[in-house]
> 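Here you go, one structure.
Worth knowing before you read on, the calculation uses all heavy atoms, side chains too, and leaves out hydrogens, waters and symmetry mates.
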Amino acid sequence: MLGAYTLNDYVTDLRQITRETESEDEIITRVGPLAQRLALNKTWLQKKHYEANPEQGFGTFLLHEEPDHSLAVLVVNWLPGRGAPPHDHGTWAVVSGVEGLEKNISYRRVDDRARPDFAELEVKKETIAGPGELVCMKTGGIHSVHNETGSISISLHTYGKHVNHTGRSQFDLETKEKKDFIVSVD
């Protein structure tokens, strides 16, 4: 059995991995199992991580961020029946389930990208992620998240850069509008 794996251990490993390579594929491959290990350990999980912003539909809590906003580690909870619209992250992302189930839909852009405020998306894949399961994306990946259960769900999010500092976007499937996506982080 593996020993306790702490948030400090995880941050140390993240720093080492990103010093050794800039390849997003390699970073995601190496970070994924470590994120799963930390997510399932839960020693870092606190009571406040179950508190959501009702207006936003989820709660976001910063666990770690480098001074230049890189290597951001957050815990996100999703209220029952709530989620986030289609969005990108502006950086690579490794998300591991902690508690509950989250429906993730990944999309591909099918427009010509000629208009900065417009994006047409089509569904690529739909998955349900539970504890210890990964959802990983390279820069430019687009997905939505929805908690279709009757209880709160929690996931551990690791990004190459804090998402509020990447210029990321959210997308409206009906109007095809593309706009900035900033979230409230505690």
> Before accepting this row, confirm whether a basic side-chain N of the pair K103/E126 lies closer than 4.0 Å to the acidic partner's carboxylate O.
yes
> Do F181 and S169 come within less than 4.5 Å of each other through their side chains, counting heavy atoms only?
no
> Just wondering, do F58 and L79 contact through their side chains at under 4.5 Å, heavy atoms?
no
> Can you list the steps and then say if D117 with K179 is a salt bridge (charged side-chain N to carboxylate O under 4.0 Å, His left out)?
CA-CA 6 Å; D117 61 344; K179 59 185 180 181; over 6 Å; no
> Would you say that Y159 contacts S70 through its side chain, given a criterion of any heavy-atom pair below 4.5 Å between the two side chains?
no
> Let's go through K161 and E66 carefully: what are the C-alpha distance in whole Å and the side-chain angles of both, what is the deciding distance for salt bridge (charged side-chain N to carboxylate O under 4.0 Å, His left out) to 0.1 Å, and is it a yes or a no?
CA-CA 9 Å; K161 188 168 186 171; E66 296 290 297; over 6 Å; no
> Give me the atom names and distance for the closest heavy-atom approach of I152 to Y50.
CD1-O, 3.2 Å
> Say whether, by atom type as modelled, one donor and one acceptor occur between the side chain of N147 and the main chain of R82 under 3.5 angstrom.
no
> Does P85 offer a backbone N or O that forms a donor-acceptor pair with the side chain of H87 under 3.5 Å?
yes
> Between V185 and V145, is there shared hydrophobic-cluster membership here, with clusters defined by ILVMFWY side-chain heavy atoms closer than 4.5 Å?
yes
> Mind checking the CG-CG spacing from L134 to N104? Nearest 0.5 Å is all I need.
11.0 Å
> Given I154 and W78, is the side-chain contact (heavy atoms from CB on, under 4.5 Å) satisfied, shown in steps?
CA-CA 6 Å; I154 297 177; W78 307 92; over 6 Å; no
> Does atom CD of E122 have more than 12 heavy-atom neighbours from other groups under 6.0 Å away?
yes
> Evaluate side-chain contact (heavy atoms from CB on, under 4.5 Å) for R109 paired with I142, printing each intermediate quantity in order.
CA-CA 8 Å; R109 279 192 67 172; I142 300 170; 3.6 Å; yes
> For T6 and N8, which I'm curious about, is there any donor-acceptor pair between the side chains at under 3.5 Å?
no
> Below 6.0 angstrom between ring centroids: does that apply to H89 and H143?
yes
> Same cluster or not: are V183 and L156 linked, directly or through other Ile, Leu, Val, Met, Phe, Trp or Tyr residues, by side-chain heavy atoms under 4.5 angstrom apart?
no
> Please determine, by modelled atom types, if S155 and H157 share a side-chain donor-acceptor pair under 3.5 angstrom.
yes
> Can you name the closest pair of heavy atoms from A119 and D111 and give their distance?
CA-OD1, 3.5 Å
> Does any non-hydrogen side-chain atom of Y10 lie less than 4.5 Å from one of L63?
no
> Measure across H64 and L71 and return the closest heavy-atom pair with its distance rounded to 0.1 Å.
CD2-O, 3.2 Å
> Membership question, hydrophobic clusters at under 4.5 Å side-chain separation (ILVMFWY): are I105 and F171 in the same one?
yes
> Can a donor-acceptor pair be found, under 3.5 Å and without considering hydrogens, that links the side chain of N41 to the backbone of Y5?
yes
> Judged by atom type as modelled, is there a donor-acceptor pair below 3.5 Å linking the side chain of T127 to the main-chain atoms of A129?
no
> Please check: side-chain N/O of H165 versus main-chain N/O of H162, any donor-acceptor pairing under 3.5 Å?
no
> Search all heavy atoms of P54 against all heavy atoms of A52 and return the closest pair with its distance.
CD-O, 3.2 Å
> Working note: R30 + E20, criterion salt bridge (charged side-chain N to carboxylate O under 4.0 Å, His left out); need CA distance, chi angles, decisive distance, verdict.
CA-CA 11 Å; R30 292 175 64 186; E20 293 174 355; 2.6 Å; yes
> Does a side chain donor of either T139 or E24 reach within less than 3.5 Å of an acceptor in the other side chain?
yes
> Could you check whether S96 and E133, counting side-chain N and O atoms only, form a donor-acceptor pair closer than 3.5 Å?
no
> Please report the shortest heavy-atom distance between G130 and L101, naming the atom on each side.
CA-CD2, 3.6 Å
> Can you find a pair of side-chain heavy atoms, one from V31 and one from L14, that are under 4.5 Å apart?
yes
> Does T166 reach the main-chain N or O of V163 with its side chain, forming a donor-acceptor pair under 3.5 Å?
yes
> Do the non-hydrogen side-chain atoms of F118 and E177 ever get within less than 4.5 Å of each other?
no
> Indicate yes or no for a side-chain donor-acceptor contact from Q36 to the backbone of G132 under 3.5 Å, with no hydrogens or angles considered.
yes
> Please give me the minimum heavy-atom distance between L121 and P86, naming the atom from each residue.
CD1-CB, 3.9 Å
> Give a yes or no on whether V76 and M137 share a hydrophobic cluster (residues Ile, Leu, Val, Met, Phe, Trp, Tyr; joining criterion: side-chain heavy atoms under 4.5 Å apart).
no
> State, yes or no, whether a side-chain contact exists between S144 and Y107 at a heavy-atom distance under 4.5 Å.
yes
> Between I128 and E102, is there a side-chain heavy-atom distance shorter than 4.5 Å?
no
> Between L34 and V98, is there a shared hydrophobic cluster once you connect ILVMFWY residues whose side-chain heavy atoms come closer than 4.5 Å?
yes
